[in-house]
Amino acid sequence: MKIASWNVNSLNVRLPHLEQWLAEFGPDVVGIQETKLEDHKFPDAALAAAGYRSVFAGQKTYNGVALLARGAIEDVQIGIPGFEDEQKRVIAGTIGDVRVINLYVVNGQDVGTDKYGYKLRWLEAVREWIKAELAVYPQLVVLGDFNIAPDARDVHDPEVWNETHILTSAAEREALQALLGLGLHDAFRLHNEEAGVFSWWDYRMAAFRRNLGLRIDLTLVSDALKPRVTAAGIDRAPRKLERPSDHAPAWVEIA
DNA sequence: ATGGTGGGGGACCCA
């Protein structure tokens with residue numbers, strides 16, 4: 001089964017791209033971020049017509065997450081239990097024998113800002129929750145827009161994107177490592193060692209054409225799922241379309 | 001590293 005993560009940067013604008021990509025790529029499960037839609041505006045009928053059930057947690061203007069699957073989505077959890085947060089950034093569900101947690105991690109703006117503090121607190125809360133989830137659901141995928149580039153291979157210019165920069169700062173990378181320390185693995189790195197494979201490119205400065213990007217969209221798999229991973233990658237095709245999202249889908253294939 | 005772009009919503013906020 002193919003499981004993917006895509007930050008669509010407004011599902012209202014990107015629904016045609018999503019429909020096209022579902023038809024062409026054929027994922028079994030998709031975690032969507034930045035839907036920017038209130039729940040009553042979610043296009044569940046259009047997605048059902050495309051063959052996907054959906055569960056979602058959205059709000060006006062910002063954030064918003066959803067899970068799509070060809071099969072039933074059970075035991076749906078919205079938000080981090082016990083962590084008060086008005087921002088819709090988390091949705092989890094079980095599809096078959098796999099638990100999928102979809103995260104839209106806080107961006108954090110700049111190191112040292114209030115938003116950066118919120119990002120680190122949020123990451124701590126999500127780690128505590130995922131630790132508990134792993135105990136219940138050993139076959140776990142944690143995917144999403146992590147807003148953290150794991151290491152120097154995942155940024156176009158490591159001198160700019162260094163230990164003091166947002167998305168690559170020491171504390172952010174430590175938080176990601178702490179998450180991986182629970183028994184999760186960056187699926188992309190199970191099968192790809194190369195540098196310069198990115199999932200996000202700034203809209204400005206013709207960044208996509210010049211491949212000035214970051215790999216911040218990740219699919220993490222648990223110890224129990226790791227031996228079932230047959231491939232992982234990033235599908236750049238939707239980023240080439242007219243009026244694209246600034247992110248491309250990251251995917252993992254599980255046998 | 002910015003802000004040259006983009007989304008939302010209707011002036012700025014967020015990324």
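Throughout, protein chains are lettered first and strands after them, A, B, ... in sequence-line order, and every chain is numbered starting at 1.
Arg236(A) pairs by the side chain to side chain contact (heavy atoms under 4.5 Å, CB included) definition with Trp201(A), Phe208(A), Asn211(A), Lys240(A), not counting sequence neighbours. Val55(A) is linked by a side chain to side chain contact (heavy atoms under 4.5 Å, CB included) to Leu67(A), Ile73(A), Val76(A), Ile91(A), counting only residues two or more places apart in sequence or in another chain. When the side chain to side chain contact (heavy atoms under 4.5 Å, CB included) test is applied to Asp75(A), the partners found at least two apart in sequence or on another chain are Thr94(A), Arg99(A), Tyr137(A). Applying the side-chain hydrogen bond (donor to acceptor under 3.5 Å, both in side chains) test to Asp217(A) and every residue at least two apart in sequence or in another chain returns Ser199(A), His247(A). Arg127(A) is linked by a side-chain hydrogen bond (donor to acceptor under 3.5 Å, both in side chains) to Glu124(A), counting only residues two or more places apart in sequence or in another chain. In this view, Arg210(A) and Met205(A), Ala206(A), Leu212(A) satisfy the side chain to side chain contact (heavy atoms under 4.5 Å, CB included) rule, not counting sequence neighbours.
The interatomic distance linking Asp110(A) (CG) with dA15(B) (P) rounds to 11 Å, in whole Å. Taking atom CD on Glu34(A) and atom C1' on dC13(B), their separation rounds to 12 Å, with Å as the unit. Rounded to an integer number of Å, the gap from Asn7(A) CG to dA15(B) P is 11 Å. Following rounding to the nearest Å, Leu214(A) (CG) and dA15(B) (C1') show an atom-to-atom distance of 12 Å. Taking atom CD on Gln33(A) and atom P on dA15(B), their separation rounds to 14 Å, with Å as the unit.
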| note | Scoring nucleotides 4-10 of chain B by protein non-hydrogen atoms under 4.0 Å (B base, S sugar-phosphate only, - none) yields BBSSSS-
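When each of Asn63(A), Thr61(A), Asn9(A) is tested with Lys36(A) by the rule side chain to side chain donor-acceptor pair (under 3.5 Å), just one qualifies, namely Asn9(A).
Counted by atom type alone, Asn107(A) and Tyr116(A) present zero donor-acceptor pairs between their side chains at under 3.5 Å.
No contact: Phe208(A) has no heavy atom under 4.0 Å from any strand.
Listed in residue order, the members of residues 144-169 of chain A having a heavy atom less than 4.0 Å from DNA chain B are Val160(A).
Across the P atoms, dG9(B) and dC14(B) are found 14 Å apart, a figure rounded to whole Å. With C1' as the reference atom, dG4(B) and dA15(B) are 15 Å apart, rounded to whole Å. Rounded to whole Å, the C1' atom of dC13(B) lies 14 Å from the corresponding atom of dG3(B).
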Donor-acceptor contacts under 3.5 Å from residues 179-190 of chain A side chains, at least two apart:
{"unit_1": "His185(A)", "atom_1": "NE2", "unit_2": "Asp223(A)", "atom_2": "OD1", "d": "2.6"}
{"unit_1": "Asp186(A)", "atom_1": "OD1", "unit_2": "Phe188(A)", "atom_2": "N", "d": "3.3"}
{"unit_1": "Asp186(A)", "atom_1": "OD1", "unit_2": "Arg215(A)", "atom_2": "NH1", "d": "3.2"}
{"unit_1": "Asp186(A)", "atom_1": "OD2", "unit_2": "Arg215(A)", "atom_2": "NH1", "d": "3.2"}
{"unit_1": "Asp186(A)", "atom_1": "OD2", "unit_2": "Arg215(A)", "atom_2": "NH2", "d": "2.7"}
{"unit_1": "Arg189(A)", "atom_1": "NH1", "unit_2": "Asn192(A)", "atom_2": "O", "d": "3.0"}
{"unit_1": "Arg189(A)", "atom_1": "NH1", "unit_2": "Glu194(A)", "atom_2": "O", "d": "2.8"}
{"unit_1": "Arg189(A)", "atom_1": "NH2", "unit_2": "Asp154(A)", "atom_2": "OD1", "d": "2.8"}
{"unit_1": "Arg189(A)", "atom_1": "NH2", "unit_2": "Glu194(A)", "atom_2": "O", "d": "3.3"}

